[in-house]
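Per chain, numbering begins at 1; letters A, B, ... match sequence-line order. None of the values given here were measured: they were computed from a predicted structure.
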There are 2 protein chains.
Amino acid sequence: MTQVKPMRADARRNYGRLLEAAAEAFAAQGEGASLDDIAKRAGVGSGTLYRHFPTRQALLEAAYVDRVEALAARADELGEELPPGEALVAWLNELCAGTLQVRGMKALLGSAVTDGGVAAVSCGTRVRDAATRLVGAAQREGTLRADVEPVEVLRLAHGVSTAAELANGDGDCIRRYVSLLTEGLRAGR
Amino acid sequence: MTQVKPMRADARRNYGRLLEAAAEAFAAQGEGASLDDIAKRAGVGSGTLYRHFPTRQALLEAAYVDRVEALAARADELGEELPPGEALVAWLNELCAGTLQVRGMKALLGSAVTDGGVAAVSCGTRVRDAATRLVGAAQREGTLRADVEPVEVLRLAHGVSTAAELANGDGDCIRRYVSLLTEGLRAGR
DNA sequence: ACCTGAACACCGTTCAAGT
DNA sequence: ACCTGAACACCGTTCAAGT
């Protein structure tokens, strides 16, 4: 399932180089980084980039799968360490912080929670599943409003990241804004 | 002060046409609309566009000054009609809704509240002043947290717009998300 | 003083030719 | 089977030439 036909040695090498170059470029210059540049830095013809990654989204996704995986795994860790409500807050903090540190990831996660967006970015399900577990637990615990859906929490977190981004560099913003959000999401009030 | 030297008749006409074409294009295709296209639709050489509006920001701003003005004026109206807390909520709702309806305006307002961004988009002060009045009043009334700054409220509203945008077309989202935000901003909790 | 549009640089994308 | 890079289309930006 992982690989129907094994790649030829050179293809495999190029694939790896492209991923590396892409991760660097997206991190440094955001999701708009020049694809041609990425190909050049990887020492590869531009056609090769398109063969492996037909769309910019595909490349973005491939470049950050492991980070997304890590984020999803982190949700489960936090879910075991902390009571549900706190786990959710802690995770949202890490989500937003990570999103801002690695510039291209914001765009990736954004399209992962866009309704009807780019054919449901595949790594998006990992994040949505993780969020679903945390949100469900917090709702059962009674500390989180019953009327919010997991994907909404992710969208709002994306909004928080955007707001923090506008504050350009003021790192405390993330925590402040996440806490405002979770304040608003708290059950009972 | 409004105009040091009166424009030549043809210049004045071109200026107006450009604004019209720009407003249409930005509204339809977002802030990324092709400048060349705008010039063509206005029946004007591309150089003329650059003469009047050296940057995309300048054009964006000029195309939407009146809407921004209206938004600022609306803040004062609401401030007179409603108690401070409610006025702020109502205004944030209109702000977010307007921002999403007119596609280019989100980018404009975003850069208006970006710390150290594009040389302080001039129409931004109008919006910031309006927000300052509403926020101040709500804080004196005691319904709004004392530790938030007006510009932060605007940034968070921008975040809410972003979140609602991800829900693609679900119009209720705006109200829902604004109310979550204001829940979180409420004093005392 | 202002306008025009050709010219340049840059980027994304495709595809014929190569191995 | 996969790669390369030239070729094309498109966009932003500048500037010499025109009125």
Inset, instruction - Look at all strands and tell whether B:Ala33 reaches a base, only sugar-phosphate, or nothing, counting heavy atoms closer than 4.0 Å. - result: sugar-phosphate
Inset, instruction - Determine the interplanar angle of the B:Phe26 and B:Tyr64 rings, folded into 0 to 90°, and report it as parallel if under 30°, tilted if 30 to 60°, perpendicular if over 60°. - result: tilted
Legend entry - Gap between atoms CZ and P, on A:Arg51 and C:dG12 respectively (whole Å): 20 Å
Inset, instruction - Would you indicate, yes or no, if C:dT14 has its OP1 or OP2 atom less than 4.0 angstrom from a side-chain nitrogen or oxygen of A:Ser46? - result: no
Legend entry - B:Arg175 side chain vs B:Asn93 backbone, donor-acceptor pair below 3.5 Å: no
Inset, instruction - Find which nucleotide of DNA chain D each of B:Arg56 and B:Gly47 is nearest to by heavy atoms, and output the residue with the more 5' nucleotide. - result: B:Arg56
Inset, instruction - Look at B:Thr48 and C:dT4 and indicate whether a side-chain polar atom (N or O) is within less than 4.0 Å of OP1 or OP2. - result: yes
Legend entry - Integer-rounded Å distance: C:dC2 P and B:Leu49 CG: 16 Å
Inset, instruction - Take the protein atom CD1 of A:Ile38 and the nucleotide atom P of C:dG12, then report the distance between them rounded to whole Å. - result: 8 Å
Inset, instruction - Provide, to the nearest angstrom, the distance between the CD atom belonging to B:Gln57 and the P atom belonging to D:dG12. - result: 15 Å
Inset, instruction - Specify the separation, in whole Å, of atom CG of A:Asp10 and atom P of D:dC3. - result: 5 Å
Inset, instruction - Mind calculating the distance between CG (A:Asp36) and P (D:dT4) to the nearest angstrom? - result: 13 Å
Inset, instruction - Ignoring hydrogens and angles, state whether a donor on the side chain of B:Lys106 or B:Thr162 is under 3.5 Å from an acceptor on the partner side chain. - result: yes
Legend entry - Phosphate contact (D:dC2 OP1 or OP2) by A:Asn14 side-chain N/O below 4.0 Å: no
Inset, instruction - State, without any angle test, whether B:Thr143 and B:Glu141 hold a side-chain donor-acceptor pair at a distance under 3.5 Å. - result: yes
Inset, instruction - Calculate the interatomic distance between B:Arg17 atom CZ and C:dC2 atom P; express it in whole Å. - result: 17 Å
Legend entry - Nearest-0.5 Å distance, CG of residue A:Asp36 to CG of residue A:Leu49: 9.0 Å
Inset, instruction - Indicate whether OP1 or OP2 belonging to C:dC3 is found under 4.0 Å from a side-chain N or O atom of B:His52. - result: yes
Inset, instruction - Grab the CG-P distance between A:Asp37 and C:dG12 for me, whole Å please. - result: 8 Å
